[in-house]
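Let me begin by presenting the structure, written as structure tokens, before commenting on it.
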Amino acid sequence: MNEILVAKSNLFTLIVNGEIKHLLSPWKIEVDLQQEIITITKRNWYFIGIDTDTIAFKFIRKINVNEHLFGSDIWIKAIGGSVSAKYLPKKNMKEIRQKLIDYNQTKTNHIIFS
């Protein structure tokens, strides 16, 4: 079971929400259920490289999904900090949230949500 869930900021959603400055550097979230990590990437403002934040499942304390008329934002709080990705498709965020909850129920050695 090497399941990786991926979602990327939608260009239409960025335009409708007035976030034109992020068109060339959208957010991308990857949830790897086998390695138990969440990775959020975004191209930096100089377009030279990509900024990456990775969190292990066992350090997550809260996942907050904020839905807009078009798109949704995700904020993940972990021990020692937090990460966020914005203007992602609602369908993908609901799927990611549900997969994390389902995955959490199969594990007895750690809790994703507290």
Minimum side-chain heavy-atom gap T41-D51 below 4.5 Å: no
Does the side chain of M93 reach to within under 4.5 Å of the side chain of E67, using non-hydrogen atoms? no
Where do D32 and Q34 come nearest, in terms of heavy atoms and distance? OD1-N, 3.0 Å
In one Ile/Leu/Val/Met/Phe/Trp/Tyr side-chain cluster, 4.5 Å: F12, I20: no
Counting heavy atoms not belonging to K90, are there more than 12 under 6.0 Å from its NZ? yes
Name each donor-acceptor pair under 3.5 Å that joins a side chain in residues 72-81 to protein atoms two or more places apart or in another chain, with its distance.
{"residue": "S72", "atom": "OG", "partner": "L88", "partner atom": "O", "Å": "3.3"}
{"residue": "D73", "atom": "OD1", "partner": "H68", "partner atom": "NE2", "Å": "3.2"}
{"residue": "D73", "atom": "OD1", "partner": "Y87", "partner atom": "N", "Å": "2.9"}
{"residue": "D73", "atom": "OD2", "partner": "H68", "partner atom": "NE2", "Å": "2.8"}
{"residue": "W75", "atom": "NE1", "partner": "S82", "partner atom": "OG", "Å": "3.3"}

Interatomic distance, L100 atom CG to E36 atom CD [nearest 0.5 angstrom]: 11.0 Å
Donor-acceptor check, side chain of N10 to backbone of L14, threshold 3.5 angstrom: yes or no? no
Knowing that exactly one of I63, V31, I38 qualifies, which makes a side-chain contact (heavy atoms from CB on, under 4.5 Å) with I96? V31
Atom CG in D102, atom CD in E95: separation rounded to 0.5 Å? 10.5 Å
Just by distance, no angles: are the side chains of H22 and K42 close enough, under 3.5 Å, to form a donor-acceptor pair? yes
Closest heavy-atom pair and its distance - A85, W27: CA-CD1, 3.7 Å
Is it the case that one hydrophobic cluster holds both I29 and L11, taking links as side-chain heavy atoms less than 4.5 Å apart, direct or via other members? yes
Check whether any side-chain N or O of T52 sits under 3.5 Å from a backbone N or O of I40 as a donor-acceptor pair, and report yes or no. no
Going from CZ on R43 to CG on L24, what distance comes out if it is rounded to the nearest 0.5 angstrom? 9.5 Å
Those residues at least two apart in sequence (or on a different chain) that pass salt bridge (charged side-chain N to carboxylate O under 4.0 Å, His left out) with K28 are E30
Nearest heavy-atom approach of I15 to L23 is CG1-CD2, 3.8 Å
